[in-house]
Amino acid sequence: MEARLDLFANPVFGKALRHVNAAGKAVTDSSLPATVQRLVEVRASQINGCGFCTDMHTKDATAAGETAQRLHLVAAWREATVFTDAERAALELAEEGTRIADAAGGVSDEVWANAAKHYDEEQLGALVTLIALINAYNRVNVLVRQPAGDYRPGMFG
């Protein structure tokens with residue numbers, strides 16, 4: 001499989017990517033736990049069918065110490081007993097925030113309230129930003145059919 005567009009050589013995408021990555025730095029520098037960040041990235045990427053991001057974020061999570069069991073169960077987090085209540089709240093918010101078109105009302109008040117029980121204002125801001133950013137990355141990679149499988153942890157950082 002070959003990408004439709006070489007994103008890494010495209011000057012417009014390169015310029016835009018620098019800005020998006022700068023926004024992402026605000027999330028990584030926040031107090032939102034890194035484990036939660038990785039789980040949200042993986043789940044949104046799975047929902048969006050983004051192989052490139054799913055590959056990247058599962059490998060980065062593994063390199064950071066995440067277990068294979070938890071990563072294998074992210075897609076079935078509702079039935080899995082390996083996630084904390086806070087992680088489950090973040091995954092639920094990520095799902096509703098990713099599947100906005102599937103729910104006429106967008107993110108439900110119940111899902112938001114559950115996330116707010118586990119995360120403070122700064123962390124909620126980081127979580128909202130992260131969900132928006134991973135969805136943007138997913139859409140770019142799906143649009144150009146960015147191939148998956150060759151990512152090595154840390155290769156972009």
Side-chain angles (χ1 to χ4, degrees), residues 1-66 70-71 74-75 77 86-109 111-112 114-116 118-157:
M1 178 180 210
E2 195 170 308
R4 293 172 168 159
L5 179 68
D6 184 350
L7 295 175
F8 303 107
N10 186 286
V12 173
F13 182 76
K15 185 176 181 180
L17 184 62
R18 284 190 294 280
H19 293 289
V20 174
N21 286 344
K25 179 110 172 72
V27 175
T28 58
D29 290 347
S30 76
S31 63
L32 183 67
T35 301
V36 171
Q37 292 178 41
R38 301 301 77 79
L39 294 173
V40 165
E41 290 165 340
V42 170
R43 186 63 189 125
S45 299
Q46 290 171 334
I47 292 167
N48 289 322
C50 183
F52 185 83
C53 289
T54 301
D55 180 46
M56 172 191 285
H57 297 300
T58 55
K59 287 176 178 175
D60 283 345
T62 299
E66 187 58 79
R70 283 169 43 96
L71 288 173
V74 169
W77 63 267
E87 290 167 339
R88 297 167 75 73
L91 288 165
E92 188 172 34
L93 184 63
E95 282 193 3
E96 285 202 5
T98 297
R99 293 182 163 145
I100 291 173
D102 295 343
V107 174
S108 71
D109 290 339
V111 167
W112 182 264
N114 190 34
H118 299 283
Y119 300 101
D120 64 24
E121 289 289 317
E122 176 193 345
Q123 293 169 325
L124 285 169
L127 196 50
V128 167
T129 302
L130 176 62
I131 293 165
L133 290 174
I134 192 59
N135 275 280
Y137 284 118
N138 291 164
R139 279 150 179 72
V140 167
N141 287 311
V142 170
L143 277 166
V144 302
R145 292 190 180 160
Q146 191 67 34
D150 294 332
Y151 178 79
R152 293 176 318 282
M155 75 185 269
F156 295 127

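Everything numeric in this text was worked out from a predicted model, so none of it was measured.
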Q: Would Y137 and F52 satisfy ring-ring contact (aromatic ring centres under 6.0 Å, His included), going step by step from the backbone distance to the final call?
A: CA-CA 10 Å; Y137 284 118; F52 185 83; 9.5 Å; no
Q: What distance do Q37 atom CD and L130 atom CG have between them, rounded to the nearest 0.5 Å?
A: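 Here the interatomic distance stands at 6.0 Å.
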Q: If I compare all heavy atoms of A89 with all of N114, which pair ends up nearest, and what's the gap?
A: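 So the two residues come closest at CB-ND2, 3.6 Å.
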Q: Should we count CG of D150 as having more than 12 external heavy atoms under 6.0 Å?
A: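 Incorrect, the count does not exceed 12.
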Q: How many angstroms lie between atom CG of L124 and atom CD of E121, to the nearest 0.5 angstrom?
A: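 If I round to the nearest 0.5 Å, the distance is 6.0 Å.
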Q: State, yes or no, whether a side-chain contact exists between V128 and W112 at a heavy-atom distance under 4.5 Å.
A: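 Answer yes - side chains close enough.
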Q: Which atom names give the shortest non-hydrogen contact between V107 and E96, and what distance separates them?
A: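 Taking V107 first and E96 second, the nearest heavy atoms are CA-OE1, 3.3 Å.
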Q: Name the one of R43, E41, Q46 that satisfies side chain to side chain donor-acceptor pair (under 3.5 Å) with H57?
A: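 Going through the options one by one, the only one that passes is E41.
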Q: May I ask you to decide if C53's main-chain N or O and Y151's side chain share a donor-acceptor pair within less than 3.5 Å?
A: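 Answer holds: no.
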Q: Return the minimal non-hydrogen interatomic distance between R88 and W77, and the atom names on each side.
A: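 Taking R88 first and W77 second, the nearest heavy atoms are NH1-O, 2.7 Å.
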Q: Once side chain to side chain donor-acceptor pair (under 3.5 Å) is applied, do any residues pair with N135, and if so which ones, sequence neighbours excluded?
A: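 Result, side chain to side chain donor-acceptor pair (under 3.5 Å) vs N135: N48, T98, R139.
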Q: Among I134, D55, N138, which residue satisfies the side-chain contact (heavy atoms from CB on, under 4.5 Å) criterion with C50?
A: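 One option only clears the test, and that one is N138.
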Q: Does the side chain of L5 come within less than 4.5 Å of F13's, by heavy atoms?
A: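 The answer is no, as the side chains (C-beta and beyond) never meet within the 4.5 Å cut-off.
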Q: Between the side chain of Q146 and the main-chain N/O of V140, is any donor-acceptor distance below 3.5 Å?
A: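 Not at all, since once roles are kept as given, no pair shorter than 3.5 Å links the two residues.
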Q: Mark yes or no for whether K15, through its side chain, and N10, through its backbone, hold a donor-acceptor pair below 3.5 Å.
A: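 Not at all, since once roles are kept as given, no pair shorter than 3.5 Å links the two residues.
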Q: Minimum heavy-atom separation for Q123 and P33, please, with both atom names.
A: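 Q123 and P33 have their closest heavy atoms at NE2-CD, 4.1 Å.
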Q: What closest approach, in Å, do A63 and P153 show between heavy atoms, and which atom pair accounts for it?
A: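 Heavy-atom minimum between the residues: CB-CB, 3.9 Å.
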Q: Where do L133 and A23 come nearest, in terms of heavy atoms and distance?
A: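 Scanning both residues completely, I find the closest heavy atoms to be CD1-C, 3.8 Å.
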Q: Working to the nearest 0.5 angstrom, can you tell me the gap between H118 NE2 and E87 CD?
A: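 Reported to 0.5 Å precision, the distance equals 10.5 Å.
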Q: Check each of L93, V27, I131, T35 against V40 using the side-chain contact (heavy atoms from CB on, under 4.5 Å) test, and report the only one that passes.
A: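 Passing option: I131.
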Q: Looking at CZ of R38 and CZ of R70, how far apart are the two atoms once the value is rounded to the nearest 0.5 Å?
A: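 Output value for this atom pair is 12.5 Å.
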Q: If you count every heavy atom of other residues, nucleotides or ligands that lies below 6.0 Å from R4 atom CZ, does the total exceed 12?
A: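 Count over threshold, so yes.
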Q: Looking at S31, is its backbone amide N or carbonyl O close enough to the side chain of E122 to form a donor-acceptor pair, meaning the two atoms are under 3.5 Å apart?
A: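 Confirmed, E122 side chain pairs with S31 backbone.
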Q: I'd like to check N141 versus L7 (side-chain heavy atoms, cut-off strictly below 4.5 Å). Are they in contact?
A: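 In short, these two side chains touch, coming nearer than 4.5 Å.
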Q: To the nearest 0.5 Å, how far apart are CD in E66 and OG1 in T58?
A: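 One gets 11.0 Å once the value is rounded to the nearest 0.5 Å.
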